[in-house]
Every structure is written in C-alpha cells, then in structure tokens.
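Structure first, commentary second.
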Amino acid sequence: MVFDLQNLEAALKAARKHPYLPFDLHFFESVSSTNQTLWDMLSLGANSGTVVIATSQTAGRGQWGRQWISPTGGLYLSLAISFDQKIAATDSYQLTFASAWGIASQLRQHNVNVGIKWPNDLILNGRKLGGILTETKVNKGQITQAIIGVGINWANPVPETGINLESWQASQNSRPIYCLEMLTSTVLLGIESGMLCLFQEGISILLSRYLDLLTNMGDKVYVNNLSGTIVGVTPQGNLRVDLETYGTKELITPEIYIQPGTISLGYHKSSV
C-alpha cells in the first residue's frame, strides 16, 4: 500500500484552524510497533509532535500487554507529547479519554458514527473499529512524556467482533473518508483537539463529552454476583457502577469504582 506523506500534509493544512502540536511526520512500511519505534526516536532527540505511521506492525501492543494483530491495510500511528503543565501519573487515562473522544468526534464530523467503549476502544456499528494505547514516562509522580498509539481498521482483515472502515463505507454507499491519508489526518486532528480540550477546558468538560459518546452508559454488569448499572467514569479512568442494593441484608456501597482491566465489557449494537 502506497502512503503519500504530501497528501497527508495537505489534508492537515486544509483542516487545521489552530495548530497545537508541531506534527513531524515519519512513515514506515512495517515496524515492530509504532510506539516502540517512537520511544527509540525520542531517546535519540525527537521532539513532542513527532508522529510514526506504519501500514503494518510485527509486534503491535494492546492494553495490558496483549498482542495487537496488525496486518497490512490498517492504520497504525503513534504521536509523542511532552507536557509543560503538570499531569499526575495517576491521571494518565485522561490522555486516553482525550484521544478517544477527539478521534471519535472528528470521525463523526465526517458522518462516521463512531462511539467509545470504555476505556479505549472506538466502536462502529457495535464492532471494534480501533483502539488506543497510551504509554508514559513518569518522574516524581508526574508524567513528563507520553506516546498515544492508535490502531484503526482501514482495509485490513478483522475478527468477527471487528469492522474495517472501507467495508463499512461500502455498505453505506458513501466514502466520506476517501483515503488512508485522510483517515490519518482525521486521527491526528482528533488527538490534537482532545488534548486542547483537556488542557484548556479541563477534565470535567472532557469527561462529559467522552460520556456523551460512551456506548456502555446504562449497561447492566455483574460484579461479585451483584447486578449494577454503568453510570459514568471517574477522572482516573475507573468505571462508575451503581449497584442494586435492595433485597440484600449486608451493607453495600451503592456506587463502586472498577479499574480498567478488571472487567470485560462485550460488544453490542449501539445507537450512539
């Protein structure tokens, strides 16, 4: 697959109103992982705003150490961000939320009706379109550097729970995202707009926007044999669940917080 960096630069220039991150674009046909390639570049002096793009990864990483299968035809992208203002290591999920909301909202502006599955998946038509992996460097409890890794299914084969954008667009008889470079531009502008929201408007506004696109709101879950309803997400990334406490003899906290990685939420058709 031929990737045209000039096309990408032209798309970014046409769409950006106020550049916030100084994008420095690097394309590779195949890498072990775009996140790892970017960490290596940062150790050699690359700056905030450096972007690594690849059409396949041989050792892609997902959340919690899972392998991310990355066949040719997808978009695999990593963006480096450094921080002037302090962000606590415990708040690292805010970077993921900002990226997920920003990318989803940019795609929705092109009539690609993307929702978010907690904490970091992009959902289209009830299936996984992509995911986000945030990795950070921390000093004295503060994040000094972060890499936002994004994988989006463009024209690659996907599992049963997945969907790629090209086949979805074919089913819609429309192609609002008409090439891989435009998808890349949309993703980068999404991350940029998410970071702008987080750092200029604050976490409470970002969280409310993230929750507007969250496909899990109102879902029933079972925790320790108790039934509950998903009612939100905390600024630290935990899922807020209201437990049904009637009919039980023991004292139960009505609302509990569930950490990412400790509960698995399935895929379902979404009206988002």
Residues Leu239, Val233; criterion side chain to side chain contact (heavy atoms under 4.5 Å, CB included); working and verdict: CA-CA 5 Å; Leu239 200 62; Val233 174; 4.2 Å; yes
List the residues meeting side chain to side chain donor-acceptor pair (under 3.5 Å) with [X], not counting sequence neighbours, and say none if there are none.
X: Gln236; value: Asp91
X: Thr234; value: none
X: Asn238; value: none

Going by the rule side chain to side chain contact (heavy atoms under 4.5 Å, CB included), which residues pair with [X] if we only count those two or more places apart in sequence or in a different chain?
X: Gln142; value: Lys86
X: Ala11; value: Ser185
X: Thr136; value: Ser92, Leu95, Thr134, Val138, Ile143, Ala146
X: Ala104; value: Val114, Ile116, Leu122, Leu213

For residues 224-242, which residue pairs pass the salt bridge (Lys or Arg N to Asp or Glu O under 4.0 Å) check, not counting sequence neighbours? Arg240-Glu255
For a quick test of reading the model, state the closest non-hydrogen atom pair linking [X] to [Y] and the distance between them.
X: Leu75; Y: Trp154; result: N-CB, 4.5 Å
X: Gly74; Y: Asn156; result: CA-OD1, 3.3 Å
X: Leu165; Y: Leu129; result: N-CD1, 3.9 Å

How would you list, by chain and number, every residue that makes a salt bridge (charged side-chain N to carboxylate O under 4.0 Å, His left out) with Lys220, sequence neighbours excluded?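 Salt bridge (charged side-chain N to carboxylate O under 4.0 Å, His left out) check on Lys220 returns Glu244.
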Glu166: partners by salt bridge (charged side-chain N to carboxylate O under 4.0 Å, His left out), with sequence neighbours left out: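 By the salt bridge (charged side-chain N to carboxylate O under 4.0 Å, His left out) rule, Glu166 matches Arg175.
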Under the ring pair (Phe, Tyr, Trp, His ring centres under 6.0 Å) definition, can you give me all pairs with a residue in residues 213-234, not counting sequence neighbours?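 Listed once each, the pairs would be none.
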Distance, nearest 0.5 Å, that separates OG of Ser33 from OH of Tyr76: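 OH of Tyr76 is found 12.5 Å from OG of Ser33.
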Could you go through residues 188-209 and list every donor-acceptor pair under 3.5 Å that involves a side-chain atom there, pairing it with any protein atom two or more places apart or in another chain?
{"residue": "Glu192", "atom": "OE1", "partner": "Arg16", "partner atom": "NE", "Å": "3.2"}
{"residue": "Glu192", "atom": "OE2", "partner": "Arg16", "partner atom": "NH2", "Å": "2.5"}
{"residue": "Glu192", "atom": "OE2", "partner": "Tyr20", "partner atom": "N", "Å": "2.8"}
{"residue": "Glu192", "atom": "OE2", "partner": "Leu21", "partner atom": "N", "Å": "2.9"}
{"residue": "Ser193", "atom": "OG", "partner": "Leu189", "partner atom": "O", "Å": "3.3"}
{"residue": "Ser193", "atom": "OG", "partner": "Gly190", "partner atom": "O", "Å": "2.9"}
{"residue": "Glu201", "atom": "OE1", "partner": "Arg209", "partner atom": "NH2", "Å": "3.3"}
{"residue": "Glu201", "atom": "OE2", "partner": "Arg209", "partner atom": "NH1", "Å": "3.3"}
{"residue": "Ser208", "atom": "OG", "partner": "Ile205", "partner atom": "O", "Å": "2.8"}

Please verify the inter-ring angle class for Tyr93 with Phe97; under 30° counts as parallel, over 60° as perpendicular, anything in between as tilted.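 Judged by the thresholds at 30° and 60°, the geometry between Tyr93 and Phe97 is tilted.
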